[in-house]
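The next block holds one structure in the form of structure tokens; read it before the comments.
Both ligands and their constituent atoms are indexed starting at 1 by order of listing. Below, all heavy atoms of this structure are taken into account, side chains as well, without hydrogens, waters or symmetry copies. None of these values were measured; they are calculated from a predicted model. The chain is numbered in sequence order, starting from 1.
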Amino acid sequence: MTDVIIIGAGVSGSAVARELSKYDISTCVLEKCEDVCEGTSKANSAIVHAGFDAEEGSLMAKLNVRGNEMMDQLSKDLDIPFKRNGSMVVCVHKDALDGLKELYDRGVANGVKGLKILSREEALEMEPNLSDNVEGALYAPTGGIICPFELTIAMAENANMNGVEFRFNTEVEDIKKGDDGFWHIRTNNGEYVSRYVVNAAGVYADKIHNMVSADKMHIIERRGDYCLLDKEVGGYVSHTIFPQPTKYGKGVLVTPTVHGNLLVGPTAIDIENKEGTATTAMGLNEVTAKASENVKNLPMRNVITSFAGLRAHLERHEFVIEEVKDAPCFIDVAGIESPGLSASPAIGEMVGNMLKEKMGLKEKADWIGTRKGVIKTEGLSIEERNELIKKNPAYGTIVCRCESVTEGEILDAIHRPLGARSLDGVKRRTRAGMGRCQAGFCSPRTMEILHRELGIPYEKITKSGGNSAIVLERTKGEVSMS
Ligand SMILES: Cc1cc2nc3c(=O)[nH]c(=O)nc-3n(C[C@H](O)[C@H](O)[C@H](O)COP(=O)(O)OP(=O)(O)OC[C@H]3O[C@@H](n4cnc5c(N)ncnc54)[C@H](O)[C@@H]3O)c2cc1C
């Protein structure tokens, strides 16, 4: 019997888990994949939005602005990279300049600080690679960039350090209210019983909601395709460059990433497929065409990979964070499309406060709100590296050449709380495999380490759990020497 079960270990579920880990209750996260951050939280623009887009007075606007405010302290506490690089909404048509003023006014009403409308000259001075057609821009200094993997993993890890359990490869199949008054949650890994349930299942949140409520929910998966460019061109722009928004969202942006790449995307294509994350040639062509309207001569020959993510879009385009009316003690965290990443700390805070009040929760005296991330040797001075290697020679062996990731970092990623068990698990914690060769060089070496450290047979090592094994069997079997 658990006090609270959270369904989904994306950025929303992990934020709620960290918040609940402050209280003296039992909390367990059920996740169908083999690691945290396997859903939408792994494939997005990684922007901490300033908060001028969302409709005034909406929950989206409120939680976006609050989440943005919380990010400085949170990134320090959890030792994750976050940079306020500032964002610009670029206007390339004179007759659309009024739209910038509307966004400015909405931003001010939402409580966004420091907004400024820039002239063409001011915009070009700040970003020389903007289109020659630029007429002006809205500048938001509080916009930022973050690593979505590190944010999600760090919040989950910190929750786990404070006693929250995580059950991976555990898919919720059905939920019923038992005669005992508690929620009975059937999974592919046995039954769980809980007083409260938090539904943070991303694009599956409608499926989970519909298991307990007669008031049905429908999520439309809105796919966004991206191109990721090499670090060589990571400085092509220094701010996040947005077009003017449309009813489909914030449009195709061009942004540096917090790790120094350049990211271009996303599209916004409605599909009815919860697993439809394959990119299409049409989508990627659209990314280039639309981004080129605002940024000139984009170096698209430096693309190192493409990917797509799915927004959990609800018709009413609003976060739904509430107790389900006909299912008491069941809390939806649904419709968490953009700006869900930015808002995540505030989503955690909101659900934490709701449950604190409902359940009369008491704070633990021994809660620890900080954690140390995997040491990244790439950012260290030669003296610091030598010191580290003296203590642990594994920090002297480079495994991923593109991103300069050492064996010591991979060992740390594997052996820390909620440690990595797959190639993607290692990649998201250390960046091994994120670089120009996209894991061509380091995969076999990372597999050797996973095999050695965790005793996983080679044939069972996966890219990201499930059926994603890398090798099938030995090609030569046992070789006889006689
Ligand atoms: C193209 C795109 C761009 C975006 N850009 C930004 C941005 O720049 N800034 C920003 O703030 N936001 C952005 N977002 C939004 C942001 O990524 C999401 O709001 C956020 O990641 C949602 O997190 P989540 O935890 O709610 O969902 P998810 O990350 O999808 O997590 C849900 C989890 O639930 C699990 N699950 C599902 N069903 C079950 C089940 N039956 N049993 C157990 N587990 C289950 C899934 O495996 C998954 O791990 C973007 C989104 C997209 C798609």
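The pair Asp35-Arg429 meets the salt-bridge criterion, with a side-chain N (NZ, NE, NH1 or NH2) lying under 4.0 Å from an Asp/Glu carboxylate O. For the pair Lys427 and Glu403, the salt-bridge criterion is not met [side-chain N within less than 4.0 Å of a carboxylate O].
If you look at Thr170 next to ligand 1, the close heavy atoms, those under 4.0 Å, all belong to the backbone. The backbone of Leu310, and not its side chain, has at least one atom closer than 4.0 Å to an atom of ligand 1 (non-hydrogen atoms only; backbone = N, CA, C, O). Contacts between Leu30 and ligand 1 below 4.0 angstrom, taking non-hydrogen atoms only, involve the backbone exclusively. Only the backbone of Ala46 comes within 4.0 Å of ligand 1, counting heavy atoms alone; no side-chain atom from C-beta on gets that close. Of the heavy atoms in Ala200, only backbone atoms (N, CA, C, O) come closer than 4.0 Å to ligand 1.
Set against the non-hydrogen atoms of Ile208, the atoms of ligand 1 under 4.0 Å away are 41 (N). Close contacts of ligand 1 with Pro339, meaning ligand atoms under 4.0 Å from a residue heavy atom, involve 10 (C), 11 (O), 12 (N). Within the listing of ligand 1, atoms 33 (C), 34 (O), 35 (C) sit less than 4.0 angstrom from a heavy atom of Gly8. Each of the atoms 37 (C), 38 (N) of ligand 1 lies under 4.0 Å from some heavy atom of Tyr204.
Considering CD of Glu232 and CG of Asn261, their distance stands at 11.5 Å, rounded to 0.5 Å.
The shortest N/O to N/O separation between Arg222 and ligand 1 does not fall below 3.5 Å.
In the candidate list Glu38, Glu337, Glu31, Glu31 is nearest to atom 48 (C) of ligand 1, counting heavy atoms. Selection from Leu341, Ile47, Val172, Thr40 by nearest heavy atom to atom 9 (N) of ligand 1 gives Ile47. Atom 39 (C) of ligand 1 has its nearest heavy-atom neighbour, among Lys250, Lys32, Lys207, Arg223, in Lys32.
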Take Val65 and Lys113 through the side-chain contact (heavy atoms from CB on, under 4.5 Å) test and state the conclusion after the steps. CA-CA 9 Å; Val65 174; Lys113 300 203 178 85; over 6 Å; no

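Ranking the protein heavy atoms by distance from atom 22 (C) of ligand 1 puts Ile336 O, 3.5 Å first.
The distance between the ring centers of His259 and Phe149 does not fall below 6.0 angstrom.
Using a 4.0 Å cutoff on heavy atoms, Leu253 does not count as a contact of ligand 1.
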